[in-house]
Amino acid sequence: MRYKQIEDKIIMDAMDSFEIEQILECGQCFRFRKLAPNDYVIVAWGKVLRILQTKDEIIFYPTSPEEFENLWSSYFDLDKDYDIIKQHLAEKDIHLAEAVQFAPGIRILRQEPWECLISFIISQNKQIPHIKQVVENISRMFGRYICNFEGYDYYAFPTVEELSVAKEEDIRACKAGFRAPYIMDACQKIKNKEVELEKLVYLPYEEAKKELLKIKGVGSKIADCVLLFGIGHEEAFPIDVWVKRIMEYFYFDKDTNSNEIQAFAKDYFGNLAGISQQYLFYYARQLRLGK
DNA sequence: GCCCAGGCACTCA
DNA sequence: TGAGTGCCTGGG
């Protein structure tokens, strides 16, 4: 990957497989602020980063070459060749070709597993702006203050220890509603090592999923999101209402239960299931398919 | 005001 | 096993 450094900025040549808007707005992460089109601030791994994309360049700041190589490069999955993946999918069938064409700049972020888990527990029965709001509230209430960047205060997502001191009413006060006890349960099971997030990367996908399902409020969809966006299990295929709609529309032509779709995806997409899901999801949602 | 959203747990047949 | 229903909350 080629980049240059100017003061606290890292500047990368624009590429077909990097569109910051598509990456952030495709539903995989919730800690970003849109300042303007193609101009965002994100909070991840306890750091604040602005990403400004122009026609020719992608500018990241404030950061350093060391931090960029050690953190942001892996966060944005920059070592993976998405062009090959897209080409492979486009050759599979006309639907995938369409979906890939529609949002060629999507990438799968490597997020913190713990933050990912709590964020997706919050996500049930909520729309993205609400999810962002609750995650922000929790970070402000329990997380470490990071800095004031360009006039706005940023807080890290709380650690397991930091969030474990929370009482149910505190979490409810963050507008988490009926999910508050689920979050409490996640804190407890992670803290007492009933579920060990850092070990999930070494387990086969199916076993890792079984571990996550021990947590209250975590079903198949949320477990798959955590495995895909936080753990890096690329065969995970989260099926939400949008993915269900578009899969039925493309491949089944009728109402189909999620287990059947899951089995089809595993067989048809294999290790590209996760990334395929992202292209399909974005496509379905932008088209407001079935609405 | 009412309806529903990027699910899950719980209940009851 | 499978379908039906309630759930905090805020935006449309």
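Everything numeric in this text was worked out from a predicted model, so none of it was measured. For the numbers below, each heavy atom of this structure counts, side chains included, while hydrogens, waters and symmetry mates do not. In what follows, chains are A, B, ... by sequence order, proteins preceding strands, each numbered from 1.
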Problem set entry | Value in whole Å for how far the C1' atom of C:dG2 lies from CG of A:N257 | 10 Å
Problem set entry | A:K221/A:D224 ion pair, N-O < 4.0 Å | no
Exercise. What is the distance, rounded to the nearest whole Å, between atom CD of A:E260 and atom C1' of C:dG2?
Worked result: 15 Å
Exercise. What nucleic acid atoms does A:R172 come within less than 4.0 Å of, heavy atoms only: base, sugar-phosphate, or nothing?
Worked result: sugar-phosphate
Which side-chain N or O atoms in residues 1-15 of chain A pair as donor and acceptor under 3.5 Å with protein atoms at least two apart or in another chain?
| from | atom 1 | to | atom 2 | distance (Å) |
| --- | --- | --- | --- | --- |
| A:R2 | NH2 | A:D13 | OD2 | 2.8 |
| A:Y3 | OH | A:E69 | OE2 | 2.5 |
| A:Q5 | NE2 | A:E7 | O | 3.2 |

For this session: Let me know the distance between CD of A:Q286 and C1' of B:dG6, rounded to the nearest Å.
Result: 13 Å
Problem set entry | Pairing of A:K210 and A:E206 as salt bridge, 4.0 angstrom limit | no
Seminar exercise, completed: Taken to the nearest whole Å, CZ/A:R179 to C1'/B:dG6 is 12 Å
For this session: Could you check how far CD1 of A:I128 sits from P of C:dG12, rounded to whole Å?
Result: 14 Å
For this session: Using a strict 4.0 Å threshold on nitrogen-to-oxygen distance, state whether A:K80 and A:E234 make a salt bridge.
Result: yes
Exercise. For atom P, what is the distance between B:dG1 and C:dC8, given to the nearest Å?
Worked result: 22 Å
Exercise. Between atom CG in A:N137 and atom C1' in C:dT9, what is the gap in whole Å?
Worked result: 12 Å
Problem set entry | Salt bridge A:D77-A:R110, side-chain N to carboxylate O under 4.0 Å | no
Problem set entry | Consecutive-pair stems (at least three Watson-Crick or G-U pairs, under 3.5 Å) that include DNA chain B | B:2-5 with C:9-12, B:7-13 with C:1-7
Exercise. Is there a path of hydrophobic side-chain contacts, each under 4.5 Å between heavy atoms of I, L, V, M, F, W or Y residues, that connects A:I122 with A:W242?
Worked result: yes
Exercise. Rounding to the closest angstrom, what is the interatomic distance between C:dA3 and B:dG6 at atom P?
Worked result: 23 Å
Exercise. In whole Å, what is the span from the CD1 atom of A:I131 to the C1' atom of B:dC4?
Worked result: 14 Å
Exercise. Can you name the nearest heavy-atom pair linking A:I239 to A:S258, along with the distance?
Worked result: CD1-O, 3.6 Å
Distances under 3.5 Å between nitrogen or oxygen atoms of protein and nucleotides 7-10 of chain B:
| from | atom 1 | to | atom 2 | distance (Å) |
| --- | --- | --- | --- | --- |
| B:dG7 | N7 | A:N125 | OD1 | 3.3 |
| B:dG7 | O6 | A:N125 | OD1 | 3.3 |
| B:dG7 | O6 | A:N125 | ND2 | 3.4 |
| B:dG7 | N1 | A:N125 | OD1 | 3.1 |
| B:dG7 | N2 | A:Q124 | OE1 | 3.2 |
| B:dG7 | N3 | A:Q124 | OE1 | 3.1 |
| B:dG7 | N3 | A:N125 | OD1 | 3.4 |
| B:dC8 | OP1 | A:G219 | N | 2.8 |
| B:dC8 | OP1 | A:G219 | O | 3.2 |
| B:dC8 | OP1 | A:K221 | N | 3.4 |
| B:dC8 | OP1 | A:I222 | N | 3.1 |
| B:dC8 | O4' | A:Q124 | OE1 | 3.1 |
| B:dC8 | O3' | A:G217 | N | 3.4 |
| B:dA9 | OP1 | A:G217 | N | 2.7 |

Exercise. Can we say A:E161 and A:K191 salt-bridge, meaning some charged N sits less than 4.0 Å from an Asp/Glu carboxylate O?
Worked result: no
For this session: Can you label the angle between the A:F76 ring and the A:W72 ring as parallel, tilted or perpendicular, going by 30° and 60°?
Result: tilted
